[in-house]
> 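Let me give you the structure first, and then I'll get to my questions.
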Amino acid sequence: MSVARLTILVENSTHQPGLQAEHGWSVWIEWGDQAFLFDTGQSGMWLNNARQLKVPLSRLGGVMLSHGHYDHTSGLAALGALAEEMPVYLHPDAFAPKYSVPAGASPRYIGMPQASRDWLQQQGARVKTVHTALEVAPGLWLSGPIPRQNTFEDVGGPFYLDAEGRCPDPLWDDMALGMMTREGLVVLLGCAHAGVVNTLAHFRSLLGSPPVYAVVGGMHLLQASAERLTATMEALEQYQVRRLGVGHCTGFVAAVALSHRFSGRCFVPAAGTRLEFPLP
C-alpha cells in the first residue's frame, strides 16, 4: 500500500533524546516513492535532526517554502549539494523585505537572510516561482496564494514591508500543502498567515470539497482575539476535522483552547513526530 509519511524535523519543541528544537518549522514528506522538504527552519538544525532520525535524504526530490520569514527559510544553505538538479518552489513575494513592527517597540527584520538569498541565486532556473495552485506530485498540491475570504482572519501580527511600519505586508507568499489521502484532505501549514480557515476553504474549492481529515502546522493565533479564535474553532468543527496538529506559531492560549475543544483529536507535532496517511 502506498503511503504518505510526514516527519517533523524542526519545531519549537521536541521530546526525543538526540534531537534539537528551535523557533522554526521544517517537515520531511515522503509521498509514495517521492520525497520533499517543506521549509527549513531558522538554521541547519533540520539537517542534523534528519540524520538523527535516519531520514533518507538521498531521495530528496524538491524543496517547498511556505513563505519568506526567517524561521522557515534560514536553513536553506544547509541543503548544499543535496539540492542539485531539483526544483525549489516559492512565491516571488518570499523575497520581499519583511519586518515586525510592534507598537511601542523597535522594528525587527524577519525576512529571508542573505545567506539563503545567495543560495537560491546559485540554484538559477531550479527556483520555481509559484503564482497559482500547483500539483507538485499526483495528489500533492501547493496552494499558491490563498484568497482572503472571511472577515475574522488577518495575517496574525504587525507585519510590514518597511521598518517604518508604513506599508503592511499582505503576505501573499503564504502557502500551504494539500494532500489527498485515502482518509481525506490533509493540510500541512507553514504559519497560516492567510488564515487556517481561508486555507481550508481554498483547498476544498480547488479539490472538489473533500472531507478534511487532518490539519497540521502553525496557525499563527498568537495574537488572535477571542472572536477570531471562536470563529476558527467553529469552522474547524464545521469541517469535521478529525486530527489537529497545533505547532510552531499557534500560540499557547490558542493551543490550549483547541485541545479542549477537540479533545482526543489534538496533538503537538514536535520535532521527531512521525505521521502516516494511506494514499488512494
Side-chain angles (χ1 to χ4, degrees), residues 1-11 24-41 43-68 72-92 94-95 112 116-144 173 175-182 185-190 203 206-207 214 216-217 269 271-280:
M1 179 179 66
S2 186
V3 297
R5 295 186 178 91
L6 307 186
T7 302
I8 312 302
L9 300 181
V10 173
E11 205 269 337
W25 183 244
S26 180
V27 184
W28 176 262
I29 303 162
E30 295 176 52
W31 188 258
D33 61 356
Q34 300 186 67
F36 302 92
L37 184 67
F38 184 68
D39 286 345
T40 63
S43 72
M45 186 179 292
W46 71 266
L47 182 57
N48 298 328
N49 284 350
R51 288 170 173 160
Q52 184 72 22
L53 291 163
K54 301 188 185 311
V55 163
L57 292 168
S58 62
R59 291 181 53 195
L60 181 60
V63 179
M64 294 171 277
L65 299 178
S66 65
H67 62 298
H72 297 256
T73 63
S74 294
L76 275 171
L79 279 157
L82 281 173
E84 288 183 356
E85 300 182 6
M86 69 180 61
V88 181
Y89 301 98
L90 76 170
H91 187 276
F95 291 109
M112 188 186 300
S116 296
R117 294 172 182 272
D118 292 344
W119 184 88
L120 285 167
Q121 186 174 19
Q122 293 166 11
Q123 307 315 304
R126 289 195 292 273
V127 176
K128 309 296 184 183
T129 53
V130 179
H131 298 270
T132 188
L134 176 68
E135 192 172 19
V136 178
L140 179 65
W141 287 83
L142 193 55
S143 67
D173 48 318
M175 298 193 293
L177 274 179
M179 298 172 272
M180 290 303 300
T181 75
R182 189 178 303 177
L185 175 64
V186 174
V187 175
L188 182 63
L189 306 168
F203 275 125
L206 177 70
L207 300 174
V216 180
T273 297
R274 296 182 190 264
L275 305 169
E276 189 170 295
F277 307 97
L279 295 178

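Numbers for residues simply follow the sequence, beginning at 1.
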> If I take atom CG from residue L76 and atom CD from residue Q122, how far apart are they, to the nearest 0.5 angstrom?
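Spacing of CG (L76) from CD (Q122) equals 11.0 Å.
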> Would L177 and L142 satisfy side chain to side chain contact (heavy atoms under 4.5 Å, CB included), going step by step from the backbone distance to the final call?
CA-CA 5 Å; L177 274 179; L142 193 55; 3.9 Å; yes
> Looking at every heavy atom in both A35 and W28, which two are closest together, and how far apart are they?
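Shortest heavy-atom separation between A35 and W28 comes out as CB-CZ2, 3.5 Å.
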> Should I8 and W25 count as side-chain neighbours, where that means a heavy-atom distance under 4.5 Å?
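Sidechains of W25 and I8: in contact.
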> When you measure from the side chain of S143 to the backbone N and O of A176, does any donor-acceptor pair fall under 3.5 Å?
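The answer is yes, because a donor-acceptor pair under 3.5 Å joins these two groups.
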> Working to the nearest 0.5 angstrom, can you tell me the gap between W119 CH2 and L79 CG?
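Going from CH2 on W119 over to CG on L79, the span is 4.5 Å.
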> Tell me the closest heavy-atom pair linking L37 and D39, and the distance in Å.
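The answer is CG-O, 3.6 Å.
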> Is R5 reaching over with its side chain to a backbone N or O of R274, donor-acceptor style, under 3.5 angstrom?
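No, because the side chain of R5 does not come within donor-acceptor range (under 3.5 Å) of the backbone of R274.
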> Less than 4.5 Å apart, side chain to side chain, heavy atoms only: is that true for L90 and L120?
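Of all side-chain heavy-atom pairs linking L120 with L90, at least one is under 4.5 Å.
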> Hey, which of D173, V127, T129 is the one that makes side-chain contact (heavy atoms from CB on, under 4.5 Å) with P92?
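Going through D173, V127, T129 one by one, the side-chain contact (heavy atoms from CB on, under 4.5 Å) with P92 is satisfied by T129 alone.
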> Counting distance only, does the side-chain N/O of E30 pair as donor-acceptor with the main-chain N or O of Q34 below 3.5 Å?
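No, because the side chain of E30 does not come within donor-acceptor range (under 3.5 Å) of the backbone of Q34.
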> Quick check for you: to the nearest 0.5 Å, what is the distance between L189 atom CG and S66 atom OG?
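Between L189 CG and S66 OG, I get 9.0 Å after rounding to 0.5 Å.
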> Which distance, rounded to the nearest 0.5 Å, do you find between the CD of E135 and the CG of L207?
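Taking CD in E135 and CG in L207, the distance rounds to 8.5 Å.
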> If every non-hydrogen atom of M86 is compared with every non-hydrogen atom of L60, which pair is closest and at what distance?
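Looking at all heavy atoms of both residues, the shortest contact is CE-O, 2.9 Å.
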> Residues in ring pair (Phe, Tyr, Trp, His ring centres under 6.0 Å) with H67, at least two apart?
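H67 satisfies ring pair (Phe, Tyr, Trp, His ring centres under 6.0 Å) with H69, H72, H193 once adjacent residues are dropped.
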> If you round to the nearest 0.5 Å, how far is CH2 of W46 from OG1 of T7?
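That separation rounds to 13.0 Å.
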> L185 and M179: side chain to side chain contact (heavy atoms under 4.5 Å, CB included), yes or no, with the steps?
CA-CA 6 Å; L185 175 64; M179 298 172 272; 5.8 Å; no
> Just by distance, do the side chain of T181 and the backbone of F277 share a donor-acceptor pair under 3.5 Å?
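Not a single qualifying donor-acceptor pair exists.
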> Can you name the closest pair of heavy atoms from E11 and P269 and give their distance?
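Closest heavy-atom pair between E11 and P269: CG-O, 3.3 Å.
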> Ignoring hydrogens, what is the shortest heavy-atom contact between A78 and G44? Give both atom names and the distance.
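Smallest interatomic distance, heavy atoms only, reads CB-CA, 3.8 Å.
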> Has the side chain of R182 got a donor or acceptor atom that lies under 3.5 Å from a matching backbone atom of P280?
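Such a contact is absent between R182 side chain and P280 backbone.
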> How far apart are the closest heavy atoms of S2 and G32, and which atoms are they?
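Shortest heavy-atom contact: OG-CA, 3.6 Å.
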> Got a second to check how far L82's CG is from L47's CG, nearest 0.5 Å?
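If we round to the nearest 0.5 Å, L82:CG and L47:CG are 6.5 Å apart.
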> Could you tell me whether the side chain of L188 reaches within less than 4.5 Å of the side chain of I29, counting heavy atoms only?
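In short, these two side chains touch, coming nearer than 4.5 Å.
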